[in-house]
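Have a look at the structure below, then the notes.
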2 protein chains.
Amino acid sequence: MSDLLERLRGRGWRMTSQRRVVAQVLDGDHVHLTADEVHARAALLLPEISRATVYNTLGELVSLGEVIEVATDGRARRYDPNAHHPHHHLVCSTCGTVRDVHPTRDPLTDLPVEERFGFTVAAAEVTYRGLCPSCTRAPAQAPA
Amino acid sequence: MSDLLERLRGRGWRMTSQRRVVAQVLDGDHVHLTADEVHARAALLLPEISRATVYNTLGELVSLGEVIEVATDGRARRYDPNAHHPHHHLVCSTCGTVRDVHPTRDPLTDLPVEERFGFTVAAAEVTYRGLCPSCTRAPAQAPA
DNA sequence: TCTTGACTTGGATTGTGTCCATCGTAGGAT
DNA sequence: ATCCTACGATGGACACAATCCAAGTCAAGA
C-alpha cells in the first residue's frame with residue numbers, strides 16, 4: 001500500500017516516521033484494529049510513538065476517506081483500512097470476529113423519503129450478526 | 001407499558017422504586033436516551049437514585065430482551081425501548097440524535113450465500129447516517 | 001413482624017478518547 | 001549543505017462512559 005503513502009504525500013502530508021508506521025500497520029492484515037491495537041503494533045516498529053499521535057493520524061486518515069471508522073459494540077472504535085471497495089460487516093456474536101461482506105443491494109435505496117424525517121441521508125452501514133463456522137459447531141467454548 | 005412492570009414481576013424481579021422509575025422513564029417518549037440521560041430523568045422522580053443502579057437496571061432490561069442497546073458511534077450507548085417492533089436507525093452525524101426507521105426491504109435477503117462464509121446469519125442491523133434538519137441548517141453549531 | 005438475600009449506594013477504578021503547552025523535525029529556501 | 005519555520009509529535013492532564021466493590025438497605029415470603 002505504498003499507494004497510500006503516495007496519495008498522502010500528494011495531499012500535502014508531511015511524511016514522518018510515525019505516519020509511515022501507522023500506515024504500515026493498517027496495511028498489514030485486513031483485520032479491524034482498535035486505536036490501542038494500532039498503537040501497540042506501531043510501537044513494535046517505533047517504540048517512542050505516542051498514543052496521541054496514533055489517534056491524530058487515524059483521525060486524519062478517516063477524514064481523508066482512506067480508512068473507515070467502525071463502531072460495532074459501544075466499546076473501542078475499530079479502524080478498517082479497506083475503504084476502497086464499499087462493503088459491510090459480518091460479526092460473530094460469540095467470538096467477535098469481523099468479516100467484510102458485499103450485499104447485492106444498497107440499503108439506501110430502500111429508505112423511502114417519508115422515512116427520512118428531513119434528514120440529509122449520506123450513507124447506510126449494515127451489520128450482519130450471527131455465528132461463525134467454528135462457533136456454530138462449538139456453541140460454548142472450544143480452545144482445543 | 002405497565003405491561004413491562006407486569007412482565008418483570010412475572011420474571012421474578014423484586015420491584016423497587018428505582019426499577020419502577022427507570023421503566024417509567026423509558027416508557028416516556030420513544031427517544032433513544034443515553035444511560036446518563038435516563039439517570040437525569042429518573043432523578044427528577046427519585047432524586048437519590050444512583051448511576052450504578054441505572055446502569056444495572058438497563059443492563060438487566062437488555063439481557064431480558066425488553067430494551068435494545070444501540071451503539072451508533074464511539075460515544076455513549078443509547079437505549080431503545082421499542083424492542084418488540086423490528087426497525088432500524090437513522091443517526092445524525094453531528095448531534096447524535098437517533099430516529100427509528102422502517103426500510104422497505106430486509107437486507108438479510110441481499111446477502112448471498114457465497115458472502116456468508118459459513119456463518120449462521122441471524123440478523124441485520126442497518127444504520128443510516130446523515131444530518132438531521134437542524135444540523136443541516138446550522139452545520140457548525142453556530143447560534144443564529 | 002422478622003429474616004434474608006437481592007438490591008442500592010457512592011466512591012474508586014478501568015477503559016477510551018481529547019486537549020494542550022512545549023519540543024522536534026521535514027522539507028522548502030538560500 | 002545549512003538554515004528556518006510551520007507543521008507534527010509528545011506525554012501528561014483532563015473528560016467522559018462504564019464497571020467494580022464493600023457496606024448499608026429493604027421487598028417480600030415465612
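Below, all heavy atoms of this structure are taken into account, side chains as well, without hydrogens, waters or symmetry copies. Naming convention: chains lettered A, B, ... in sequence-line order (proteins, then strands); numbering from 1 in each chain.
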*Side chain of E115(A), backbone of H102(B): donor and acceptor closer than 3.5 Å?*
yes
*asked:* Does this structure show an ion pair linking R11(B) with E66(B), if we count only N-O contacts that are shorter than 4.0 Å?
replied: yes
*Where chain A begins and ends its contact with DNA chain D, read 5' to 3' at 4.0 Å from heavy atoms*: dA6(D) to dG11(D)
*Can you tell me if CZ on R105(A) sees more than 12 non-hydrogen neighbours from other groups inside 6.0 Å?*
yes
*More than 12 non-hydrogen atoms from neighbouring residues, nucleotides or ligands closer than 6.0 Å to NE2 on H85(A), yes or no?*
no
*According to a 4.5 Å side-chain heavy-atom criterion applied to Ile, Leu, Val, Met, Phe, Trp and Tyr, with indirect links allowed, do F119(B) and V101(A) form part of one hydrophobic cluster?*
yes
When we call it a touch if two heavy atoms are under 4.0 Å apart, what does [X] touch: a base, just sugar-phosphate, or nothing?
X	value
R75(B)	nothing
T53(B)	base
A76(B)	sugar-phosphate
R51(A)	base

_Whole-Å gap separating P (dT25(C)) and CH2 (W13(A))_ = 19 Å
*Would you kindly compare R14(B) and E48(B) by the position of their nearest DNA chain C nucleotide and give the one closer to the 5′ end?*
R14(B)
